[in-house]
Amino acid sequence: MSRDGLVFVVDDDISVRRSLGVLIRSIGLESEAFPSAQAFLDHPLPDRPCCLVLDLRLPGPSGLDLQLALLKRSRTIPIIFISGHGDVPITARAMKGGAIDFLSKPFNDQDLLDAVQRALAKDRLARVEAAERAVIERHVATLTPRERQVMLLVVRGLLNKQIAGELGAAEKTIKIHRGRMMQKMEAGSVAELVRMTEKVGLSQ
Amino acid sequence: MISALTSMRAQRPLFDRALGVTRAAALWTLITLAISATTTAAEDHARAKTVLLLYGESRLLPSIVLADEAVRAALTARSPTPVHFHTEYLESLNGAAGASFEPELARLLDKKYARLKPDVIIAGRGAARFVLERRTAIFPNVPVVLFGFERAALPTSDLGAGIVGVFASPDWVATLELALAIHPDTRRVIVVHGAAPIDRSWEAQARRDLAVYGRRVELRHLTGLPLNTLLSEVARLPEQTVILVGSVLSDGNGRAVGALAAVERMSKVSPRPIYGLFESLLGQGIVGGRLLSPAAHGMKAAELARRILDGERLGPDDSADNVGSAYMFDARQLVRLGVSETALPAGSVVRFREPSLWSLYRWPLVAGLSLLGVETALIAGLLIERRRRRVIQKALAARLRFERLLADLTATFARLRPSEVEPQIDAALAKVIEVLHVDRAGLAEFAPDGRSIRLSHRQRRPGLPPLSPLLTTDHYPWTIARVLRGEWVMFSRLDDLPAEAETDREMFRLAGTRSFASVPLRVGGTIVGVLRVASVTSERAWSAEFLQQLELLSEIFGSALAQRRAEADRREQEDRFRTMADAAPVMIWMAGTDTKRDFFNERWLEFTGRPLEDELGTGWVEGVHPDDVERCLDVYLAAFNGRRTFRMEYRLRRHDGEYRWILDTGVARSAADDVFIGYVGSCVDVTEVRAAHQAVLDSSALSAAMLESLHGRVAALDARGTIIAVNQAWTDAVKDVAGLARTAVGDNYLDVCRSAAGDVDGQRALSATENVLTGRLSGARIEYACPGFIEARWFEMIVEPLKRAEGGVLISHVDITERRRVEEESLLQREELAHALRLTTLGELAASLSHEMNQPLTAILTSAQAARRVLDTPEPERSELVRTAIDYIIEDSKRAAQVIRRLRALFRKEHAERKPIDINALIMDVVGLVRGDGVRRRVSMRFELAEGLPVVSGDVVQLQQVVLNLIMNAMEATALAEEPREVVVATLQTEPGLLRFSVRDTGVGADAAQLEKIFEPFVTTKRDGLGMGLSISRSIVQAHGGRIWATRNAERGLTVQVEVPCEEHA
């Protein structure tokens, strides 16, 4: 278990905030607490895996509102909902929105910590994937329009000859484009290339 | 006509035309010949004949020319084969040197005609000798025809075979005889001869022939003179001299002259008659003579030649003598010498006639004259016609004028209203005078006693004296007697009157009447008088036609008089009527056929207060109310058109300005013969009646409307239960719902209910109705359900007594489904509200409680758990966390305690909302919520609310909750009990500053032990009650500084009382 994770806590009740903080620190993680959704939104997200423990009932925008707002952001952060009310329909909505877990107060410490761990792991993974995507996108950006076209056709499984026919160019030319493209993309194989394009959502 | 004549003069004289015709004929024959010749040319060419013509004289000698022409013409005309002519002129043989030429000439001819052998030779005088001598040499065996001279001139008398001749001798004797016959007083005869040998031989013959006439006349031969000498001699010739001319081929000077020239010149110098021997001389100056025609000679010669050509062998015996001589004269000479043609021998040919106008233009003249004649006849005819027509036209015009008069009068009288007839009669009579051209015209009518006759209308021409108007039968007995018999009386003159008309005649004479005519005047078949006309200025003959015209006029006047009489009768009738009308108590009017009202009685005029003149015609319409005018007139005029009786109501302005309703009834009236003559009408003031009627209508309309407006289905029953009236809703319902069958007017409602006996509701309805009908109940109300298609419908049936003498009930069924639904809804709402009210407080508390508690509890738990974790893990740097956690725990526990404290504080005075409250209003508000409940549970509520209570200072919601709680408890308790079920709410002021309100029920109540316990929480007798109601209520009351307790009622049930502080005064 790595120690680089950060757990955010958003709850309007100070007792809850502090106790949660202690609990999180008890397993060696860091935490930061906010009294409202807006306070949390105003705080920039650090460049480390993090997650959010979020109370449903908040002054101003509710926990769900915050979830929605976060979904719209480029960096989504895994959320663990806590609530003193236990409304079923709200639970469903929360989970549909992609929450890790939903816990009612008073909750079991272990349940909470497990959820935190899961959340952090998820975030870690997401960050890695994001980084990968960024790399791929950088590579793609360096492609010439022709190379890009070629790449798109390659990932569709077309042979050079076919690609040549499709684009109205000579096979030899295609070959050259292809070579350069693969280099730029740092793809060792077509399968790799396909995974790359999938990751960035280019392959159709 | 004249122009025709002049045009004719321009045409050629008949002679020329005749010649032209001959020439034309000749031409035609030539053409025919030519055609026939050409067609047969081929065949005939071989057989063409050759004719040789030999002349011994100059070619141009007239006689030669004529003869030659004739010969050629004759020969060609009659020849089927072509004839070729050759001509030789041998005049060179004449004269001194002639003989020397002859042999040369002969040789020439011989040579010429060696091959051209002629078929026949025709020789004239001068060539005869040559031909005869040289014939055998030059023309052997060619037949010869000699012509144109006298036998005596023949060289030999023995001609020989093949020679034939046509001879002619100049007939001196005949010519002289002729001359002497024509000019009997001739004393001298001059015979002129030329100097040529032929002339001499002629002279010789002349001397011989005429010698004998020397005895009768002085005879002188002028021979061989030079022309001038001859002419001067001739010019000197005295009267009674006749000149004869022979052959003058040449004169004494040897100059060629020719008889023609000689005659021409001689005729110029001398007026003496000249006679000649040759046809060619005619027209050149000779009077005439027995003239030789060279043409005739020629023709005869041709004839002989023709015969020769045709193959005949002719000899001297075939010769002809004296051919072509005739007596010929020049008409001009005859005219000049004044010789009439009767003096001429018979068969004389007269040429050069100056044709008379008649002979020249005979046919045009005839045509012209006849045209003139026709024209004249036409003009004459037209003139006669015109005069006749004028006469007829005049007659027609007169007729037409009369017809027009008739038409005019008929039309005039037809158009007139009877009252206008009188003056028109006079005008008509004036017209009669004009058209018929009489001096007096008039109508005379018998008096009723038949004895006298009165001139009722008379007209006269201006300037004439008038007649006396009254005449008795004594004055004109005869006339009147005849008139009475229906006869015409007329005379053109006084004298025409018979003897028995003596008196009449005298009267007429006195009156100045010259002519008189009269026809009977009839009215309706009876003779009532006469139409008479008279002429004063002159006598007049009366035609039958005239009398007939008078008859026609009489008819017109008769009918006019009839009209007038009818008018008079009518007038009289009308006057009687008017008198009656004025006495009548109703308003009366009369109108003529033109819809205009011409009479209003006194009543009418009194009513309108206007003078009669203003009302007459269409003036009365002014009094009609403007809104009614159109309708009024429509009805009025429509009725008029149909001659129908009409009734109409309209408003008419009374004299005081108020509009009163009038009922106007109009009836068509007709004269004795069913002729429509107008209307008579009567009017009454129906204003009050109308108003009353209207009121009745209104009220019944109102009642009906009220009945119809009723929401429910209403039926009225009589005392026996029979339906006597229903409203529309009832009728509609009967149609819609099968269950309400047979419940229309006339059906017995009780029977209906009885028939539905099985139905509980039906039973109830029946008993209710019966009870009210019998008076046992003063009214009944039943609610029942009616199964419908979709949902059950609830109805309320109300039975009430019908307040009238005959009794009966009024039944109404009202659909209260909606009402019930609303009530139930409201009940539900109320319960929810109550529940909600209950819950709200509790809920809020609970929510608040749970939340407030939950937070710190959660935190405490979390902190504790965190501490334990830290203690579990051997990591010294986290030991601080334990301390932190425990700190948190302590703090949060304190917080939790605080929550409880706060909760308690909720019920304390200082946290509730304080307001001034009117307890009665508050109670009624709450009651409003629960009333329906009461109805449903069949618990009635009663209130004993004191007036003028002071306000209570408190929390509205809380106090409402208390009241609600108490009332609901009371209701619930009472609902389960028996009648009477009643909840009583009371308020009163017990003492200044204290207010008590109580809720008393008639429920099951409670025993003494329970009375206190019920205020404790979670104590309830209700099945699903929380048991919090009263405890909360107690809390609230106490929070308000009051107290709450319950007491048992004397009879049954509980009373819960609440006492709270209030203001000192209201």
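In what follows, chains carry the letters A, B, and so on, assigned in the order in which the sequence lines appear, proteins first and then strands, with residues in each chain numbered from 1.
- The distance from the CG atom of A:Leu64 to the CZ atom of A:Phe81 is 5.0 Å, given to the nearest 0.5 Å.
- Atom CD1 in A:Ile24 sits 11.5 Å away from atom CZ in B:Arg869 (nearest 0.5 Å).
- For the residue pair A:Asp42/A:Gln38, the side-chain donor-acceptor check at 3.5 Å is satisfied.
- No donor-acceptor contact under 3.5 angstrom links the side chains of B:Gln865 and B:Arg868, judged on distance only.
- Contact of A:Ile82 with chain B is not made at all, since no heavy-atom distance falls under 4.5 Å.
- Counted within 6.0 Å of CZ on B:Arg819, heavy atoms from surrounding residues, nucleotides or ligands total more than 12; the atom is thus considered enclosed.
- For residues 8-21 of chain A, a heavy-atom distance under 4.5 Å to chain B picks out A:Asp11, A:Asp12, A:Asp13, A:Ser15, A:Val16, A:Arg18, A:Ser19, A:Leu20, given by residue number.
- Under a cut-off of 6.0 angstrom, the local environment of CD in A:Gln183 is sparse, with at most 12 non-hydrogen atoms contributed by other residues, nucleotides or ligands.
- Summarising the local packing, CZ of A:Arg148 is surrounded by 12 or fewer heavy atoms from other residues, nucleotides or ligands at distances under 6.0 Å.
- Only the side chain of B:Leu861 comes within less than 4.5 Å of a heavy atom in chain A; its backbone stays farther off.
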